[in-house]
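Before any comments, here is the structure.
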Amino acid sequence: MKNNVDAFIVSQISLSPICAEASQIRLDATIEIASTNALAVFSIAQFLCYASEWRIKMNKTMKRWFIIAGFLVVFGFILFMGVMAVYDFYDLEKLSTMKYDTNTYEVNGAFDKISINVDTTQIEFVPSDNESCRIVCFETEKMKHSAIVQDKTLIIDIVDTRKWYDYIGISIGCPKMTVYLPQNEYTSLFIDTHTGDIAIPQYFTFETLKINGNTADVECLASVLNVIEIKLSTGNIKIDSVLAGGIRLASTTGKININSVSSKGNIEIKTTTGAVNLTDATCTDFTAESNTGRISLKNVIASNSFFIENDTGNVRFENSDAAQISIKTSTGDVTGTLLSEKVFITETSTGNISVPKTITGGKCEITTSTGDIKIDIK
């Protein structure tokens with residue numbers, strides 16, 4: 001028994017240093033973890049302090065720049081008004097760094113076709129007061145025009161001799177071209193332009209007419225034996241009081257207006273957001289495709305068919321008719337008055353439908369998603 005007690009005492013004495021050392025290790029670890037946490041908290045606090053100071057400095061810097069920018073805007077406005085006062089607020093062309101001159105180009109040789117390729121030049125056609133052709137251009141020194149006759153075709157081009165530094169400056173004004181034509185009838189007219197507007201008066205007749213452009217506006221009053229073809233991007237198109245073998249028009253966002261037109265063939269129109277308006281027109285087939293543009297027909301008669309597709313734009317008829325009618329929209333409404341009875345086939349998801357209950361005549365098929373359908377017979 002005594003030996004067991006002595007062994008227990010010896011073991012306790014031997015383990016005491018080990019326990020003490022383990023406790024010291026735990027204490028040191030705890031102190032180290034606490035120190036690390038304290039350092040991390042201090043670092044975060046110091047970062048937030050620096051961020052706050054940086055934000056204050058940036059706010060002061062931004063305020064300083066805003067003040068400078070405002071001062072420059074006011075100074076520029078005062079300077080502009082001073083320059084305008086010197087020029088009496090009217091003669092803005094004196095501010096232009098590009099100088100314009102009026103030049104006349106005499107054309108020699110007979111021609112029955114016309115081809116014009118320009119950029120920003122506005123084009124107007126005028127009957128000649130004699131039997132010669134001349135072209136009067138309002139143009140800059142480094143953007144002149146040329147006119148030659150080749151293979152019975154009058155070719156008008158732009159002669160651009162500008163260097164890169166000539167594009168830097170102020171341009172107030174627009175180049176213009178007046179084409180004086182000795183004849184009333186021509187085989188063809190082709191125009192390729194970018195932003196220049198085009199006006200073709202009623203004094204001329206062409207067998208074919210084709211115009212390509214971007215933001216140019218086109219007004220055509222001339223009759224065309226074959227097809228009038230005009231394709232623009234954002235420019236407006238106006239066709240008025242003409243006879244045509246057919247009409248094919250396209251403009252992405254520009255308005256399309258057709259008035260008092262008689263087409264022996266079809267009238268085809270494509271647009272995205274531009275409005276389409278037809279008044280007092282006759283044709284064989286009428287086709288219109290649009291996305292959000294409104295399509296309006298007033299006194300329009302097609303001997304064969306109407307085919308209209310629109311997405312969200314409305315379609316409206318007023319005293320118009322065709323032997324067969326097909327209309328498809330998504331949210332656009334279809335409303336108006338027709339001139340003869342039809343067999344109506346209508347379909348809509350949530351829109352309202354109101355059509356005559358007629359059982360004779362050609363087929364009138366109207367389909368919408370949420371758009372209303374309301375048709376009357378006059």
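Side-chain atoms are counted along with the backbone in the values below, which use heavy atoms only and exclude waters and symmetry mates.
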Electrostatic pair [X]-[Y], nearest N-O below 4.0 angstrom:
X	Y	answer
R248	E268	yes
D129	R134	yes
K342	D321	yes

Got [X] and [Y] here, is their nearest side-chain heavy-atom distance under 4.5 Å?
X	Y	value
T337	I377	no
F317	I308	yes
I366	C364	yes
T329	V334	yes
I267	T287	no
I191	I123	yes
M177	I156	yes
I211	I200	yes

To the nearest 0.5 angstrom, please state how far the [atom1] atom of [X] sits from the [atom2] atom of [Y].
X	Y	atom1	atom2	value
K270	T252	NZ	OG1	11.5 Å
C283	K264	SG	NZ	14.5 Å
N257	E219	CG	CD	10.5 Å
L189	E207	CG	CD	12.5 Å
I237	T271	CD1	OG1	8.5 Å
S296	E318	OG	CD	7.5 Å

**Report entry** Intermediate values then yes/no, side-chain contact (heavy atoms from CB on, under 4.5 Å), K176 and T178
**Finding:** CA-CA 7 Å; K176 300 177 183 178; T178 303; 5.8 Å; no
Could you list the cluster mates of [X]? Members are the ILVMFWY residues connected by side-chain heavy atoms closer than 4.5 Å, either directly or through other members.
X	result
V159	none
I158	M143
I345	none
V343	none

Query raised in the report: How are the rings of F206 and F125 set relative to one another: parallel (under 30°), tilted (30 to 60°) or perpendicular (over 60°)?
Result: perpendicular
Query raised in the report: So Y186 and F204, would you call those rings parallel, tilted or perpendicular, with 30° and 60° as cut-offs?
Result: tilted
Considering non-hydrogen atoms only, spot the tightest contact between [X] and [Y] and give its length.
X	Y	value
I247	V227	N-CG1, 4.4 Å
N314	D333	OD1-N, 2.9 Å
T273	T292	CG2-OG1, 3.1 Å
I373	E347	CD1-O, 4.0 Å
G293	S290	N-OG, 3.1 Å
A222	P201	CB-O, 3.4 Å

Linked, directly or transitively: [X] and [Y] (ILVMFWY side chains, under 4.5 Å):
X	Y	answer
I353	I325	yes
F190	I116	no
I114	Y180	no
I327	I301	no
Y203	L209	yes

Any side-chain donor-acceptor pair under 3.5 Å between [X] and [Y]?
X	Y	value
E185	T205	no
E139	N103	yes
T348	T368	yes
D285	S305	yes

Surrounding [atom1] of [X] (heavy atoms of other residues, nucleotides or ligands, distance under 6.0 Å), is the total greater than 12?
X	atom1	answer
K144	NZ	yes
E141	CD	no
E106	CD	yes

Requested in this report: Take I135 and C137 through the test side-chain contact (heavy atoms from CB on, under 4.5 Å) and record every step on the way to the result.
Outcome: CA-CA 6 Å; I135 302 167; C137 296; 3.7 Å; yes
Option from [options] for which side-chain contact (heavy atoms from CB on, under 4.5 Å) with [X] holds:
X	options	result
V218	I239, I230, L249	I230
I258	I269, D240, N277	I269
S320	T279, L297, L278	L297

Query raised in the report: With sequence neighbours left out, what residues match D151 under salt bridge (charged side-chain N to carboxylate O under 4.0 Å, His left out)?
Result: none
Has the side chain of [X] got a donor or acceptor atom that lies under 3.5 Å from a matching backbone atom of [Y]?
X	Y	answer
N236	K255	yes
S128	E131	no
T234	G254	no
S260	S241	no
D372	N352	yes
S263	G265	yes
T335	K374	no

Query raised in the report: Stepwise, does the side-chain contact (heavy atoms from CB on, under 4.5 Å) test hold for F344 with T358?
Result: CA-CA 7 Å; F344 289 94; T358 52; 3.6 Å; yes
Requested in this report: Only pairs at least two apart or in different chains count here, so list each side-chain hydrogen bond (donor to acceptor under 3.5 Å, both in side chains) that has a residue in residues 113-125.
Outcome: T121-H145
Requested in this report: Please test T187 against T208 for side-chain contact (heavy atoms from CB on, under 4.5 Å), starting from the C-alpha separation and ending with a verdict.
Outcome: CA-CA 7 Å; T187 301; T208 59; 5.7 Å; no
